[in-house]
Structure formats: structure tokens, C-alpha cells
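Presented below is the structure to which this report refers.
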Amino acid sequence: MTDIAETVPPVSLFPQIEKALLIRSVEERLLSLFAEGKLFGTVHTCIGQEFTGVAIAESLQQGDLMCSNHRGHGHFIAKTNRVEELIAEIMGRQNGVCGGRGGSQHICADGFYSNGIQGGMTAVGAGLALSLKLKEQPNIVVVFIGDGTLGEGLLYETFNIASKWNLPLMVVIENNLYAQSTSQTQTLAGDILARAEAFGIKTKHADTWNYAALIDTAKEAVEYVRQGNPLFFRIDTYRLMAHSKGDDDRSSDEVEGYRLKDPLTRFQAEYPDKAAEMLDRIKLRIDAAVQEADNAPYTAAISVSEEEIAKTQSVWHDIQIAQPERMSTLLHGSLQRNMQSNPNIVIIGEDIEGPYGGAFKVTKNLSLEHPGRVRNTPISEGMLSGAGNGLALGGLIPVVEIMFGDFLTLCTDQFINHASKFRYMYNDKVTLPVILRTPMGGKRGYGATHSQCLEKHFLGLPGTQVLALNNRLDPGIIYDTLFASIDRPTLVIENKMLYAMRVQSEAPEGFTWQYDEAQFPTLRLKPYGAADLTLLCYGGMLPDAEKAVDTLFEEYDIIAEIICPIQLYPLNPWPVIESVQHSGRLIVVEEGHNFAAFGSEVISQMMLHSPGALKKLERVGPPLHPIPSCGPLEKALLPGVSHIVEAGKRVMQ
Amino acid sequence: MSQPVPVTAPLNNVNDESVVILEWLKPDGAAVSAGEPVVSFETSKANVEIEAPASGYLKHSTRVGQEVPVGAVLCYIVENADQPIAKAAPEPVQQPPAAQVNTEQSLQRFTPVARKLAQEQGLEAHNFEGTGRIRKEDVLAQAANGTSASALQTEQTWPLVRFSTAAKTLMNQHNLSPDRFTGKGLIRVQDVERFLSPPAAPVTVQNQPISIEHLSALQHSPAAGVPVEKEALPRRKKMEIKNLAAGLSASVTSAVSVACPTRSLKNALRSHPELRGSATALIVYECARLLKQFRVFNGCYIAGEALYYQQVNVGFAIDAGFGLKVPVIPVADSLTIAEIAEEMNKHILAYMEDKLPPESQSGGTFTISDLSSEGVFSLFPLISSGQSAILGVGGEFFASENSEGFFTLTLSFDHQLGDGRQAAKFLNALRDRLTAYEAACTPPPLPGPPNIPAHAPAAAPLWSTEGDLECSRCLRAMPDLQQLSAYLVPTVQSEGKIRLLCSLCLGGF
């Protein structure tokens, strides 16, 4: 246990002490509100740890940013002093700081961002720090973590990149010895500070009991980071209350020992009159805040209309592409012209800098044309996606290239728990214009973990959009549109097999390629005659579907119409419904496992919106079998032209 | 209690919109077993018996003589004798809809909700089968069926034409030029087939029945001041009118006749016992072969295009008390004389039992009407719908001071395809072919035992009591007829009496 400084606190620290008292009083009041049934979920209090936030906030300037975690009330009050809105927020009221949407763990105001996923905000903080650096702002980012977060790998991905890129990022660890109920002695190996030092990051060490020294050390730390350096700041402290509620197995002797040496306990004992005067002021403020919140309405549901596309009659136009180009060339061209016209666009990813320019050469030489804005990263997909989120929060438009779609699994936490949630949780104060580009698909012999189509796992997240490019509509135009309109996290599925193909509008004889008027259009291969069946596919299955349509007509006397959406989510089911209303037969072709997938959703919506239209159905997808590396077996298992033709024959029987 | 099982009037013939209940074979409330005939009704081409689809008690929901739309419920089979039927009996059929109905009129068939829906879906009354009221459910079902306006635009023109391999093969078989399909987009086998036999293509006629009212350009006005007695025409007469009126109104009809010596036919009958005494079979045989050279008489004119049938399916008119029917001998040009005679024989027997199936009366590309047994000199036959010619065969006549008998062959033809010169050439060629049998005159071989099919009229009591077994027309007795491989069949005459006719008189000559 750290020794307590015997010195009496100087009068000059009274404002900081009153701030710490305010934080404690607010949290004590939250605990009583919880007991009264006026809070939802739970609250994680920082009672005993108040001086961490107070000390850091002391040295922050206008424009400095702070990221916090599940135990962030103290940090928030220390940085913003918005007590009233915090109380209302935690009470679920519309006058809360995030309109009552976020609650205790998800708060945003004045450059403060919190999220309750352990370690998640470290990578977001790195992204914010990069955005400051790219914009050449003299500000810094402080990210608070607990010692429990030392178990999260993302922290070390963040240390690595923060050190490598010299980011103005301070990671503050509140070392309170416990992760919920588990003692650090059970879970922590090695030394805490040595972790950061191993990455070449400077460290500092202080504690909350000697808060005067803590405030001084914090000042030094902030100044160092403001020079453009990362720093790891260990602050030893102790949580006097339970992690959350009733989950405290620590010995009462231990807790009581810390209570006695707690700075605020001592202050109240040493300066009872001053403390009483402060607490009176604080109580008046909190009472008024609680009363105001109590009278405010609860937060209401937002309209879900954005996620559901209303029925409109599709209007079709012929696709005309004057000059066929390779898919990868068109993608590169769009990134190039948009980077030129929009200085906010930043690309990060593995192996993307020139001259290599990415595994599929989409970013070739862009790093040479825009130094600093196209960055090679270590193999850290979690950090990449987190940093992308931070860049977006920082006002940039990040394009995050994930080399293989299979690696998206490493980005799921950032996409699902961060990107897709920030806008809502933060009451529309932020948008997340982050683009994740990744190639999916097999047929190249890469085996079970480098050949999948995993997009189904990312469909249906409110507030996101998922696009799948194809070789019949210029993907460069799709990116142009995306850059011009992006207001939400967007996953763009490219396809390995498509990169080398030429994008052209040429259709099989007797058919025409058309697109509808949606922002991200649905394509239709329109036959010159009434279609016997509708074939739904997207992305990488399109070339095979097109060949199958040709064969079905030529050899089997069957006319098929292809419907190929680019936007998989939010789903516009109407073009395919319209087609099936005429043909009565549907084949859904998916390269990925189609159990609980895109096709399942389309079929389900078709049954809901147009019962009776669908008379016969076939689904084409791989068996529920991992993808083998062995070429012939892979070819046999993944859907191809022959599978679609066979389905076409079956559906006509 | 299980639901009553409805028994509906099936669609037996694409031209039928409704049927008439003829007779209840089981009374109302009777216990019936599955498969037992319960009701008979009349279609335009045949009388049909319907079997109970399940065992139970029969509940009539229509009455004898009632005309009900195809698909409507005729009766129910219920589980318990006292089970009530919730469903009301179908309404009697209204006026058949005109083929061309304007939107305003057609909308009157819809319920208000259905009308709104139908307008949204671009559907019109003619998109719906039957003549009853169109409800919301019907519109939804039809919209789901995909027969909304856009799907019905079959006449759309496309910038190119492409044939499936199967379609190409079929076209080659029929020597069809791809030019026939210019602007028609994707062409499949079914499209080629529709081109080859448009009248038979169900899609073009199914929902647009031809209306007599529409086709008779002018309506008769009854003689002023003369009292009239109105009588509804039987259905088969109506269908006959429909067919002939359609043929007449779609054709520019002309006719040409030639006379032909009877002797040749008589020789042929003698030298070809397989004809079984039927000269008509010989004429069918020869015509079928000639028609391959005269395709203008084996085709159909539609909207500025000549459609030549790639098959010769010869129909022969027959009317011996059960109405005028035209059974068809498919691909007659590829059959032998014996096969044709056998086919005709089969049809005649079915006719006499009033069991000619509707399908045996469709698909004809040319027709022969032989009235030689009716003592006519010549006739002017009317061209059937979807055809371009019909041959009429007259009875034997003798020029004065000439023992040589003659008969007339008259070809009515559609001037839109053929002309008088071609008709004359056709008839002369036919006469030459028939006359050629004269040269082949050889003594008749001794005929074998009469080849009377097992199902030939065996209902002896009907006629055996009326005296000697002889033909009521030619008065040939049974032994004579047996020599000619002919046989006797009972026919119902207009006065309601049953007379015996020999198969020779029935088939002409």
C-alpha cells in the first residue's frame, strides 16, 4: 500500500477537492436513486478514485479529447462539469447528455466519449489521436482504462501503433487492484509499466492518495504527450464501493483501511466546516438536477424507417459502359480522384502503401501521392477497425482495408459494439463515416479461413449499410456515391474473383443489363421476353449467374431474369418481389453458407410482403462444409454455373 | 365434422365457359361411394359424367337444366346426411362477355375493392376466367400469378431475336426461317409451336372466348308483325355457330366444283377391302396427300400473315342424330388407307355412342364434309375456324342418256390464302387420283368375316324387333353388307325414331 503523504492539503487545492467531492456526491446520489428504482441497469461508481479524472482534467486544454469506459462518471464530470445532464442521462430522460439513449456507460459531450467494452476505446483513442495529428491540431487524447483491461489484446495493438506513429495519446490506467471481484494477483503476470515500455512508450506512475503530487505528475504527462508522444500513466487507487452492485468479496478490513486513508475522508475530518460548506452547495445542485430529470420525459424510440425501404415501383435504365476497365483499376481510380478532391479521406490497412499497393493493387501509389494519408499498419485488424472508428469520430473519412474478408471476425467488436452504436448512443451528436473494404470469396484455393463469404454476420445492424460490388456496374461510381453520401459505418464487400474482371455492360444475347434509381442500385438482367424464373444473386456470384442464364436459355429453353442488388443492407426487397410476382419462381444464389443468410431474409420478406407470389423456390449455396483448399473439391462445393443451371431445371419441373 | 367436399364442373374444352346440368345420376341426399357417377352435364362437345371424389352423402347445389360456369360447384359430398351446406348455389351464368370489352364495362365486373386493386395492378376483366363477379381475392391471386398488364404485353418488340437450341432444331424441322421471328426477342420451343399452330395455342384463346354476338356483324331483325315463338338453341348448336361464324368472318370465302365419275370410287371400294366400303376414307387419304402440295388449303390466314400447318390433320363432318361433330384424323398424310379407315371407323362408333371425346375433335387443319349419302347434288361447306379450306362431297347423279354416274367435289377456300385457279388445280388433281382407281379395277377378293368391333352396337333389342336387318337407306341386307365388310349401326332420326344405317351409307356411298 502506497504511503500517505502526511502533508495537509494547501488551500490552493480546494477547487480540485470540491470537484472530487462533487463526483463522489453525484455517485452516492446515483446509488440512492438506484435503490429508489429510478435508474436502469446498474452504475459502476468510482468512489475512492475521483482524483484520477480530476488530476488529468486539470491540465487539459480546449479541444483535448477524452475516452473512458464503464466507470466513467468521474472522468466526465472532471472534464465537462455537466452534472445535471449526466444525472438525467442515467435516469433515462430526454434532457440527459445523450437524450437518455446512452445511459451510464455510453456518454458523449465536449470531446468526451465513453463505451463499456473493455479496451475498445484504446484503439478508438488512437484513431482520434491520428486525426488530431493529421489535422495538425495541438491537442491530445486521454484514454482511461482499468487494470482489468490489461487482459485485452487490443491494448497492445494500440500501444504498438501509438508508438510507431508517435500519436499524442495518453493511456491512463486506474490500478485499483481488482477486475470486478477478481484480484489482480490471480490474473496479472509481469509488470504493468514494463508492458508499455516494451513498445518504447514513456511511462509515469502516481497515486490518488498523494493527489497533490498526482496533479503535478499529470501536468508533466499532458505536456509530454502534447509534444506528440504517447505516454502510459499508471495511477494507483482503490475503489471503495463494489464494482457494480453487491459483487464485492473483498475483506471489510481491507476496504476499511483504504477508507481511512481516502483523501476525501481525511479532508472532511480535517476541514469539517469547509467540507460542509462545499457539500451544501453540491447537495443543492444535485437535488435540483434530480428534480429536473424526474420531471423530464423518458427517451423515446427513434423511427426505424431508415432501416426499412418503402415500396416503390422500380424504374429501370439500361447500363451503358463506354470503355470496359478492370475492376481493380476502377476502384483505384475512384479512390485516387476522391482523395484528391476530399482531404478528409484517409486509407489504412495492411500492405497498402506503394509500390506494393495492397494484395489486390487497389491502392497502388496512392501513398506516394498523399503521404501520411495512406498508411501501412501492422497486422492488427482489431486496432485497424478501432482506429478507423476514431478517425471517423475525429471528423475524417477513413477507408479501412481488410486484406481478406475472413479477417473481419477480428473487427466484429469494433463494427458491432462501437461503429454501429456510437451515433445512436451519442444521440446523433456524431456520425461514423467509416468504410470497411474487404474482398470475400473463394475459388482460389486459399482454404477454409481465406475463402469465406462472411457478410451475413454483418447484415441487419441498425445504422449500418453493407454493399456488395459486382462487375456490371462501375464500382468506382459506387465509391464516388459512397464518399459523397456516407453518414454511417459501411461495409463494402468486394470479391477476389472480380478484381481482375473487366466491368462492362455487355449482356448475353437477348438480354439487357439495367439498374434502378436507388442510390446504390439494384441490377437487373432483363430478358427480351417474359421470364420463367427470377435469379437473385449479388457480388461474386454474378458472373456465374449470368453464364447460367445464357446456358438455361440456349440449352434448356428457359428464360431467367437476374436481380442483383448492390445494397444488401438496408434491404430493398421490392425489385426481386416485383420480378417474382411475374415469374412465380425464384432461385437464390449465395456463395456463402446460406443458413440464416441474405437469401433467407429476402425469402422471408417476400412471403410477408407478397404472399402467394412465390410458387417455387430453389436455393443455391455451398453445403454446410468448410471450404477445402484442394482445388477440385473447392470447385465442386462452391456454387458455380452448373449448380445454378441444375437449380433452374429443377425449379421449372 | 369435416368440410363438405365440393364437386366442380371441370374444364373439358377450352372453348367452354359453362356447362348444362343434364341429369342427376344420384338423388339429393343419397349415399354415394367415391368413384360412383353422380351427375352428368353437357359441354359443347360431349356429355360428361362426374364421379364422386369421396364417399358420403350427395347434396345437390344445382338443378337439371341449369347452366353453370366451368369451375363452379355442382354438388357437395358431405360426411353426414344432415350436414348443412353453407355455400350458396352458384348464380346462373349471365350473358357471355364480349371479346372486346372496354375498360369501363369490364370494371363493372369487379367489386369496388377489387376494382381499385385491379387498376393498381393494371389488370382488366378479361384477365380473369369465368364470368362471375371478381373479388379482391381473385385480383390478388391473379396479380400473384403474374398476369398483370406488363406480363401480358406479349406483342412487345425487341431489338433482336435469339433462339434456344431446341427452338432452332424445331424450326429446322419445319423449314422455318428465322426472319419469321424478327423483333420477337428470346424464342423458345413454345414460341415456335405457337407460331406453327396459333389457333390451338391456349394462351391466345383461353381467356378470350369468341362471341357469336361479336362475330355476326349484322343481327337479323325478325319479320315485322309476325308472331314468334322463342326457343333457346342447344349448346352444341351454339358452339357450331360459334365455330362456323368464326371461320366465315375470318375468311374471304369462295368455292369451286368439279364432277367426278362414281365408277372409280366403286372400283376402289372393290379393290381395297380395307376401305370397308367407305369412300370417304379414300377421299381423306387422297386429300391428305394432295394437301402437302397445296399448303394454301392447309393453313390459316391471320393478320396479314399466312400460317401453313406443318401437319395434315383431316377432320370429317359427321351428323347422324347426335349433332354435327367433326372428328379429326391426325397426320392423315402419313397413314395408310387401312389406318385411315380404321380411325374413321373408331370415331364413327364413338359418335354413335355419343362418346366422342372433345380432344378427338380439335387440331384439325382441313375438313371434309361428305353429304353423298343425303342425296344432295352439291354443297357449299363453311370453312371451320382456324382453317383455310373445306371439301364438300356430293351424291351420285346421272347425266341424261348416260349410265355413267357422277358426283361433285366442291372446295370452299379462303381467298386470303388461295385462289380459284389453285382450287381448280387441287380438285382436278384429286379427281385424277380418284379416277386412277378405275384402272386398277380387279375382281374383288372374297371378303373375310366382318370385322365388327366388340363394342359395336350390340344393343340388339333396340332394333332387332323392327324387322329384317337391313340398311334403312340402301336396303342392303345383312349378308350383302357382310360381303362388303360393312355393318349396321342404329341412328336416331330427327323424328326420334331409331333407324339402322349401314356403315357404307354412314360414310357416304
Side-chain angles (χ1 to χ4, degrees), chain A residues 311-316 318 320 506-514 524-534 549-562 575-586 606-617 645 648-649 652, chain B residues 114 117-123 127 135-173 178 180-196 201-204:
Chain A
K311 181 181 182 181
T312 47
Q313 189 73 32
S314 305
V315 178
W316 300 96
D318 288 353
Q320 281 165 344
E506 191 182 313
E509 197 185 1
F511 296 82
T512 312
W513 275 113
Q514 299 180 318
R524 171 168 85 164
L525 182 62
K526 172 74 186 158
Y528 293 167
D532 298 314
L533 63 91
T534 301
V549 165
D550 195 50
T551 306
L552 279 171
F553 177 72
E554 186 68 35
E555 293 177 23
Y556 300 102
D557 219 33
I558 296 167
I559 298 182
E561 173 170 282
I562 294 180
V576 67
I577 289 176
E578 280 167 27
S579 177
V580 170
Q581 279 172 344
H582 288 140
S583 70
R585 300 182 185 89
L586 176 66
M606 188 171 291
M607 299 307 278
L608 285 171
H609 293 311
S610 186
L614 182 56
K615 305 283 192 300
K616 284 201 80 178
L617 172 71
V645 168
K649 286 157 67 182
M652 290 305 294
Chain B
L117 257 176
Q119 282 168 339
E120 282 171 15
Q121 298 283 346
L123 289 167
N127 297 136
R135 297 156 307 146
K136 181 183 157 197
E137 298 81 18
D138 303 325
V139 180
L140 288 175
Q142 194 69 3
N145 267 336
T147 27
S148 65
S150 54
L152 288 171
Q153 291 167 356
T154 47
E155 289 312 309
Q156 197 166 352
T157 330
W158 301 101
L160 59 79
V161 61
R162 178 183 172 189
F163 303 93
S164 71
T165 305
K168 261 181 241 162
T169 310
L170 184 62
M171 287 169 60
N172 288 340
Q173 282 168 8
R180 296 276 177 200
F181 296 93
T182 302
K184 295 262 195 285
L186 296 171
I187 300 299
R188 292 163 295 172
V189 165
Q190 64 192 69
D191 303 309
V192 178
E193 281 172 348
R194 189 157 48 210
F195 177 83
L196 289 172
V203 286
T204 55

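For the numbers below, each heavy atom of this structure counts, side chains included, while hydrogens, waters and symmetry mates do not. Reminder, nothing fancy here: chain letters follow the sequence lines and each chain counts from 1. Just so it is clear, the structure is predicted and the values come from calculations on it, not from any experiment.
Between the CG atom of B/Leu186 and the CG atom of A/Asp532 there is a distance of 10.0 Å, given to the nearest 0.5 Å.
With A/Asp557 contributing its side chain and B/Val189 its backbone, the two residues share a donor-acceptor pair below 3.5 Å. At least one donor-acceptor pair under 3.5 Å links the side chain of B/Arg162 to the backbone N or O of A/Glu509.
Your options are B/Gly185, B/Ala167, B/Ser164, and the one with the most heavy-atom pairs under 4.5 Å with chain A is B/Ser164.
Side-chain contact between B/Lys184 and A/Tyr528 is absent, with no heavy atoms from C-beta onward closer than 4.5 Å.
Both the backbone and the side chain of A/Asp550 come within less than 4.5 Å of a heavy atom in chain B.
Residues satisfying the ring pair (Phe, Tyr, Trp, His ring centres under 6.0 Å) criterion with A/Tyr556, sequence neighbours excluded, are absent altogether.
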